[in-house]
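Inspection log for the structure reproduced underneath, given as C-alpha cells.
Every chain is numbered from 1 and lettered A, B, ... according to where its sequence line falls, protein lines coming before strand lines.
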Amino acid sequence: MRSEYQFREIEKTWQAFWEANKTFQAQVNPAKPKYYVLDMFPYPSGAGLHVGHPLGYIASDIMARYKRLQGHEVLHPMGFDSFGLPAEQYAIQTGQHPAITTEQNITRYIEQLKNMGFSFDWSREVRTSDASYYKWTQWIFMQLFNSWYNQETDKAESIETLKAILGTKGSIGLKAVCDEEVSRITAEQWNAMSADDQYAYLLSFRLAYLDDSVVNWCPKLGTVLANDEVKDGVSERGGYPVEQKKMRQWSMRITAYADRLLRGLDEVDWADSLKEQQRNWIGKSIGTDVEFAIENVSDKKIKVFTTRVDTIYGVSFMVLAPEHEWVSALTTPAQKEAVEEYVNWAKTRSELDRVSEVKTVSGVFTGTYVINPVNQERVPLFLADYVLAGYGTGAVMGVPSGDQRDWNFAKHFDLPIPSILDGQKDIEKQADPTKEGKYINSGMINGMGYKDATNTLIAWLEENGIGKGKVQYRMRNAVFSRQRYWGEPVPVYFKPTASGDLLPYLIEETELPLELPKIDKYLPTETGEPPLGRAASDWKYKGQYDYEWSTMPGWAGSSWYWYRYMDAMNSGEFASKEAINYWKAVDLYIGGSEHATGHLLYSRFWNKFLKDLGYVPEEEFAKKLINQGMIQGRSNFVYRLKDSAKVTFVSHGLKDQYDVAALHVDVNIVENDVLDLEAFKKSRNDVPSDAEFILEDGKYVCGWEVEKMSKSKFNVVNPDDLIAKYGADTLRVYEMFLGPLEQFKPWNTNSISGSHNFLRKVWRLFFDDNTNTSKLVDAPATPEELKVLHTAIRKVQDDLDRFSFNTVVSTLMICVNDLGALKCHKKSVLRELVILLSPYAPHIAEELWVALGEQEGGISYATFPVFNAAFLEENDFNYPISFNGKVKLTLAFPVTATPAEIEAAVLANDQVSKHLEGKTPSKVIVVPKRIVNIVLGK
RNA sequence: GCUUGGGUGGUGGAACUGGUAGACACGCGGGACUUAAAAUCCCGUGAGCCGUAACGCUCGUGUGGGUUCGAUUCCCAUCCCAAGUACCA
C-alpha cells in the first residue's frame, strides 16, 4: 500500500486542530507590531460560494499568515453583511422570516470558508443583522443626528455647539453645511423661537436629516431603488415598473465631507484608477455662478454655472435644457411650435442617446434674447439636449471659440465665433480651449492673463451682485431610508408639536437596540407604507409615539464594521478605546472594485465623522487597498447537428463541416475541453442514450468562450467539488497561480493538476511513496542547496511584499524542482521551505512540520526564514554579448572585472571577432552585471 | 462620445527601476517503466527557413511611427476588447 499525499485526512485534521486550539485568536498585544488584514465581508446569498469568492480571501489569508511568520500580531476576521433584499424577497415569496434564511446561508458559508483553511479569528465574527451589532449602527446614526458640520473648524461637532452659536450670533454669518433653502436668522430671532420651532430649525443642519428626495419608487416591490437597480424603466429584480416620486427620506450630509474625502485620497495606498473614480464621483469643480438678465422679462434671471468665467466675453448664445421649467415662459409665440416639437422629441431620447451622439447637433431657438452682464450684448437663447436639467442650473453659456461642443453648435446655427484670447489658434476650424495668452475683445480683462482675468471678473460680478465664485460638487447627499423590512430600524420616533406637525426625535440611548418587530408579511402596507407599518399596534415609543417605519440602507452596517471586529463582544461600546488604539485602522483591505463609489466612499465618510467626534484616531480607515479582479466564467459548448434524424453531436474541430447549433454544456463534466460522454448522456434529459457523437482522435472536444459566471451558462464551478478532488491547499495554490490578483480573468480548471502535482512533489521530498518511509536526513546542506533555498527565500519575500501572489507560486515550484533534482532531503533545508510554503498551503505545511520533528501546530507562529546573501554570491557573471542590441553569445567574466577589462576581453575573443566580420566596433557598452552591447556602424 | 483597465506561444501567465522575450504551469508530441493502464521519470514544444550535423539565419510582445547603443517596458498616433458612465459646462 502506497502512502501518498492524503490531503483529505490532513486537511480535516489540521482544521480541527486550529479550531480546538484557537490558533488564530488575535489579542491586543502591545509587545508586538500589529497587522490588520481585512476582507470585504460577503452577503450570504443562497447560492453559496463559487470559485470567484475565495480569490481575495486566499490572498488576504496568505498575507495574514505571512505577517504572523514575521512576528506581527495579526487581526484577520470574517463576518457577514447579512441585511439585504434577496432574503427579504425570499421571505415575501415563502413567508419565512428572513432571519431564518440568513442563518442557513451563513451556516453554509462558514462551512465552505472553514473548508478552505482560512486563518480567520472566528471568535470575532460579526453579522450586521444581529441586534448586538446593529445596536451600534443605530448608535452611530444617533451621533450623526446629533451633529452638524462646522466649516470654520472643518469638522462635525455636537448640535449643542450650534445651539450656542445661534443663541449668541444667529445664523447670518454662520459657515455650516445645511439645507439650501434654510432662512438665516439673528440671535434675537432664535431666542424668540418656541422650543419646537428651534428644534425644527436645527433639522436643517443635522448630518442625518429628513428631506424630500426624488427617488426611483417601485410600487410593486414597495421600495426605493438605486439608479443601477433600474434598467430601462423597470426594476432589475423582477422587472416591475419604476416611477419618479418625491418622498420624505432620511439623508446623510456626505457632501459636508466632499473636500476631505478628496484630500484623504492622497494619503492612502490605493490603486490610482480607483482613486480617480472616487475623485470623479465627488466631482469638484471650481467656477462661477453668473446671472444673465432676459430681454423684456423683469422677474426672471437665468443663472449659469461656468468653470471658465474668463471666456464670458466670448459668449454668442445661451442654452437651456429642454426640460428647464422656464421653457414655455421664455418662448416667443412665433417660436412656440418649433420649441414644442423639439421638447417632445427630446423627451423620447434616453440619456444615453444624448450622451453618445456628440457629432449630431440639435437645438431650437426660443425667440428670446438674454443680456450678457459684462458687455450688455444681446445673445440668443436656445434649447438643446446636450444640456441636462439635472446638473448645475440646467443652463449653459455658449462660448464657441473655447469649447468644441459650443463651436459645433455655433457653426450649425450660423452664430458668431468671437475670438477672445490671442493664444487661440485656428478657431475658424475648431475650438481652442487654451488658457494661454492675453485676452482680446474682452472689455475689462483685455491684456490680462487667465488668473488675473478670472479674479477680476469674479470680483466685479460679486461687487455688482450678478454672480459669485462657487465650488460645485457632483456628489449628492446620500439617501438613507429604505422602504424595506430586512434592515436596521432607524432609532427615531415622531412626536407632534402643539400645532400638530410631526417632529423626529431620537429614542433614549438606553433603549438601544431598537429591534425589528415581528410582522405578518414582509410587504408594504395596503396604504403603501413600509413593511414596519404592519407591526403590532403596541410597537410604539413609550407606547404612544410611532417609530420611523423605513429602515437603513445596506451600506449602513458595512460603513464601520472593521471597528466591531476589534472588540466584537463589547456590549458597552462599539469597541473599546484600548482595542481601537491598538488596531487603529486596516493595514490591508481586499475586495472588489465594484465598491469604489459606494461602500468605500460611505465608509470613509463615517470614519471621518467618528474621528471628528473623537471616537477613532485615524482619518482614513484603510491604508492599503487591493481590488481583486473578477473571476469570469469559461463556458464549454457542444455542437448539435441541426438536420439529423438521430441526436448527433460534432466535435469542435469538425463542426465547420456541418450545420450545427452550439449548446452550453456543464463545465463540470468537461476536462481540458474534452467531454465526458457518459456523464453528458446522464446529465441531460434531451440527450438519449443512443445519441451519436462524431469524434476527433477518439475524443469529443468542446468549444469555449469567456462569459459571466452564471447558472444559466452552466459554467459555475463550486470550490467544494475542487476541494474534494484536489484538496484546499491545491485550490489555494491554484487560485493564486492563475495570474495577478487585480486582473480580471476567466476561471479555467484545466491546469489545476499542475498545482496539485506541485504539492505532491513537495510531499515526495519528505516521504517515499512506495515504502511509506521518511527520506529526511540530518546532514548539513551543501552550498548548492543553500543557494537554491535562499534564492527562493529572497524572491518569496520580495514578491509577497509587493502582493505579487502568482509569482511566489512559480518561485516555490522552481525551488522544489531544483531540490528534487539535487535529491535534497535535508531537514535544515526543507524546514525553511515548509515555512515558505505554509501561507499558501497551510495544511500540508503543518503535516510536514510535524514530520520534521517540530512542535505540533507550531508552524503558524514559526519565524520566516532570514535571507542570507552570502549563499548567492557568484564569482562570475555570464554576460550576454549583443551586436546592435541582438544577443549572439554569452561570455563569463568575474563579477569584480571592470568595464574596461571586460571590453578588452570581449574584443579579444575569437567568437566575438567572428561576429564582427572584420568591422570595427564604433562603440562598446558594458553595463556591469547586465549586458555587453557592441555597436557596429551601418 | 468620455473615463479607467487591458491586448505577449495552442492556453493561463513571467520578464521588479529600458539590458538574453516566452520563467513557471497546462496542453500537445516522443520515449522509459508496465502484460496493460494509472502514476512517475526523461526529451521536445513561438513562427518560418537552411543544413548531414554541433549549429546557424530571419521574423516575433495588437498596428504604424519615434526616442535609445539597446524598447513587451518610455513617447506620439491608431485599431480592437472589457468595465464604468453624468456631454459636469
Can you find a side chain N or O atom of A/Ser882 that sits less than 4.0 Å from OP1 or OP2 on B/rC69?
-> no
d(CZ, A/Phe877; P, B/rG19) in whole Å | 12 Å
What integer number of Å spans the C1' atoms of B/rU73 and B/rG18?
-> 6 Å
May I ask you to evaluate whether A/Asn806 reaches the phosphate of B/rA14, defined as a side-chain N or O under 4.0 Å from OP1 or OP2?
-> yes
Where the side chain of A/Asn280 is concerned, which of B/rA21, B/rU3, B/rG13 is the nearest nucleotide?
-> B/rU3
Compute the ring centroids of A/Phe317 and A/Phe413, then answer whether they are less than 6.0 Å apart.
-> no
For B/rU17 versus B/rG6, give the span between their P atoms, rounded off to a whole number of Å.
-> 14 Å
Hey, would you say the A/Tyr726 and A/Tyr734 ring centroids sit under 6.0 Å apart?
-> no
side-chain hydrogen bond (donor to acceptor under 3.5 Å, both in side chains) partner of A/Arg308, the single match among A/Thr311, A/Thr306, A/Asp310 | A/Asp310
Under 3.5 Å donor-acceptor, A/Lys275 side chain and A/Val268 backbone | yes
Nearest to the side chain of A/Lys761, which nucleotide is it out of B/rA25, B/rU4, B/rC24?
-> B/rA25
Got a donor-acceptor contact below 3.5 angstrom from the A/Lys775 side chain to the A/Arg764 backbone?
-> yes
Taking NZ from A/Lys888 and C1' from B/rG19, how many angstroms apart are they, rounded to a whole number?
-> 16 Å
Integer angstrom distance from the C1' of B/rC80 to that of B/rU8 | 16 Å
Distance, rounded to the nearest Å, where A/Ile931 contributes CD1 and B/rA71 contributes C1' = 12 Å
What is the nucleic acid contact for A/Asn757, judged by heavy atoms within less than 4.0 Å: base, sugar-phosphate only, or nothing?
-> sugar-phosphate
Contact check, side chains of A/Pro928 and A/Phe877, non-hydrogen atoms, under 4.5 Å = no
Any side-chain N or O of A/Arg760 under 4.0 Å from OP1/OP2 of B/rA39?
-> no
Nearest-neighbour nucleotide for the A/Phe737 side chain, B/rC24, B/rA89, B/rU4 considered | B/rC24
With a 4.0 Å cut-off on heavy atoms, is A/Ile925 in touch with a base, just the backbone sugar-phosphate, or nothing at all?
-> base
Using atom CD of A/Gln6 as one end and atom C1' of B/rA39 as the other, report the distance to the nearest whole Å.
-> 14 Å
What distance, rounded to whole Å, do you find between the two P atoms, one in B/rA15 and one in B/rU3?
-> 29 Å
Provide the distance between the two C1' atoms, one in B/rC74 and one in B/rG19, to the nearest whole Å.
-> 15 Å
Distance in angstrom units between A/Leu731 CG and B/rA25 P, rounded | 19 Å
Report the residue (A/Val809 or A/Arg802) whose heavy-atom-nearest nucleotide on RNA chain B is the more 5′ of the two.
-> A/Arg802
Which listed nucleotide (B/rA14, B/rA89, B/rC26) is nearest to the side chain of A/Pro740?
-> B/rA14
If we take the P atom in both B/rA47 and B/rA23, what is their distance in whole Å?
-> 13 Å
Between A/Thr773 and A/Asp768, is any side-chain donor less than 3.5 angstrom from a side-chain acceptor?
-> no
May I ask you to check whether A/Asn372 and A/Tyr313 show a side-chain donor-acceptor distance below 3.5 Å?
-> no
Which of the following nucleotides, B/rG13, B/rC24, B/rG19, is nearest to the side chain of A/Ser810?
-> B/rC24
Measure from the side chain of A/Gln743, starting at C-beta and using heavy atoms only, and say which of B/rC26, B/rC24, B/rG13 lies closest.
-> B/rG13
If pairing requires Watson-Crick or G-U wobble contacts with both distances under 3.5 Å, which nucleotide is the partner of B/rU73?
-> none
Select base, sugar-phosphate, or nothing to describe what A/Asp798 touches, counting heavy atoms under 4.0 Å on all strands.
-> nothing
Checking all strands, does A/Glu742 fall into the base, sugar-phosphate, or nothing category for heavy-atom contacts under 4.0 angstrom?
-> nothing
Relative to its sugar, using the 90° cut-off around 0, the base of B/rG6 is anti
Spacing of the P atoms in B/rC75 and B/rC42 (rounded, Å) = 44 Å
So which nucleotide does B/rG84 pair with, by the Watson-Crick or G-U wobble rule with both distances under 3.5 Å?
-> B/rC2
Nucleotide forming a Watson-Crick or wobble pair with B/rC33, both distances under 3.5 Å | none
Backbone N or O of A/Val935 within a donor-acceptor pair of the A/Asn884 side chain at under 3.5 Å?
-> no
What is the distance from CG of A/Asn884 to C1' of B/rU68, rounded to the nearest Å?
-> 12 Å
Within this structure, what is the CE-to-P distance between A/Met813 and B/rA25, rounded to whole angstrom?
-> 6 Å
Nearest-nucleotide 5' precedence on RNA chain B, A/Trp281 against A/Arg930 = A/Arg930
What is the nucleic acid contact for A/Arg279, judged by heavy atoms within less than 4.0 Å: base, sugar-phosphate only, or nothing?
-> nothing
When you get a sec, tell me which of B/rC41, B/rG19, B/rU3 is the closest nucleotide to the side chain of A/Asn933?
-> B/rG19
What is the nucleic acid contact for A/Asn817, judged by heavy atoms within less than 4.0 Å: base, sugar-phosphate only, or nothing?
-> sugar-phosphate
Tell which nucleotide pairs with B/rA21, taking only Watson-Crick or G-U wobble pairs whose two distances are both under 3.5 angstrom.
-> none
As its Watson-Crick or G-U partner within any shown strand, both distances under 3.5 Å, B/rC57 has B/rG48
From B/rA15, B/rG27, B/rC69, nucleotide with atom closest to A/Thr807 side chain | B/rA15
What is the nucleic acid contact for A/Asp403, judged by heavy atoms within less than 4.0 Å: base, sugar-phosphate only, or nothing?
-> nothing
B/rU67 pairs with which nucleotide, Watson-Crick or G-U wobble, both distances below 3.5 Å?
-> none
For the side chain of A/Glu276, counting heavy atoms from C-beta on, which of B/rC59, B/rC26, B/rU4 is nearest?
-> B/rU4
Using the C1' atom in both, what is the distance from B/rG9 to B/rC26, to the nearest Å?
-> 13 Å
By the Watson-Crick or G-U definition, both distances under 3.5 Å, B/rA89 is matched with none
Protein-nucleotide distance (A/Tyr5, atom OH; B/rA39, atom P), rounded to Å = 17 Å
